[in-house]
Amino acid sequence: MDQNAKKIMDQIEESSHISVDEIYNIAHSIQHEDLTDEATVRSLVRRLSRLAGRPISAGKEDEIVRSIINNEIPSSMEALQRFFGN
């Protein structure tokens, strides 16, 4: 892993409280999933919320799911943090 990727993973791990290994496991488990399917995405969002120990409101879950399905995910760490309300 190059230094930039490591830095990003460290930031995600620190802010989400999800280990890099768990992130890779989740990424591996969903690589063939349909991320335009609402049930699949909603399950993933709930799984990540549980892993992070950070419950999210139904409204925020709906917003995240809608954004993923519509491919409207923020592309920078700052934008992601604003999106998730951190």
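Throughout, numbering of the chain's residues begins at 1 and tracks the sequence. Worth knowing before you read on, the calculation uses all heavy atoms, side chains too, and leaves out hydrogens, waters and symmetry mates.
- Note: Ile68 CD1 to Thr40 OG1 = 11.0 Å, rounded to the nearest 0.5 Å.
- The distance from the CG atom of Asn25 to the CG atom of Asp21 is 6.5 Å, given to the nearest 0.5 Å.
- Rounded to the nearest 0.5 angstrom, Arg50 CZ and Ile18 CD1 are separated by 11.0 Å.
- Scanning both residues, Glu38 and Ile69, for their nearest heavy atoms gives CA-CD1, 3.5 Å.
- When side chains are defined from C-beta on, Arg47 counts as touching Ser29, because their heavy atoms get closer than 4.5 Å.
- Nearest heavy-atom pair, Val45 versus Glu61, reported as atom, atom and distance to 0.1 Å: CG1-CG, 4.1 Å.
- Closest non-hydrogen pair, Val41 versus Leu35, comes out as CG2-O, 3.4 Å.
- Taking CD1 from Ile8 and CD from Gln3, the interatomic distance works out to 11.5 Å, rounded to the nearest 0.5 Å.
- At a threshold of 4.0 Å, the pair Arg66-Asp62 does not count as salt-bridged, since none of the basic side-chain nitrogens sits closer than that to a carboxylate oxygen.
- For Asn71, the CG atom counts as loosely surrounded, since its 6.0 Å shell holds 12 or fewer non-hydrogen atoms of other residues, nucleotides or ligands.
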Checklist line | Criterion salt bridge (Lys or Arg N to Asp or Glu O under 4.0 Å) on Arg42 and Asp37, from CA distance to verdict | finding: CA-CA 9 Å; Arg42 196 166 295 279; Asp37 176 65; over 6 Å; no
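- Atoms CZ and CG, on Arg46 and Leu51 in that order, are 14.5 Å from each other to the nearest 0.5 Å.
- Ser43 contributes no side-chain N or O that, together with a main-chain N or O of Ala39, makes up a donor-acceptor pair within less than 3.5 Å.
- Of all heavy-atom pairs between Ser49 and Pro55, the closest is OG-CA, 3.6 Å.
- Within 6.0 Å of CD on Gln31 lie more than 12 heavy atoms contributed by other residues, nucleotides or ligands.
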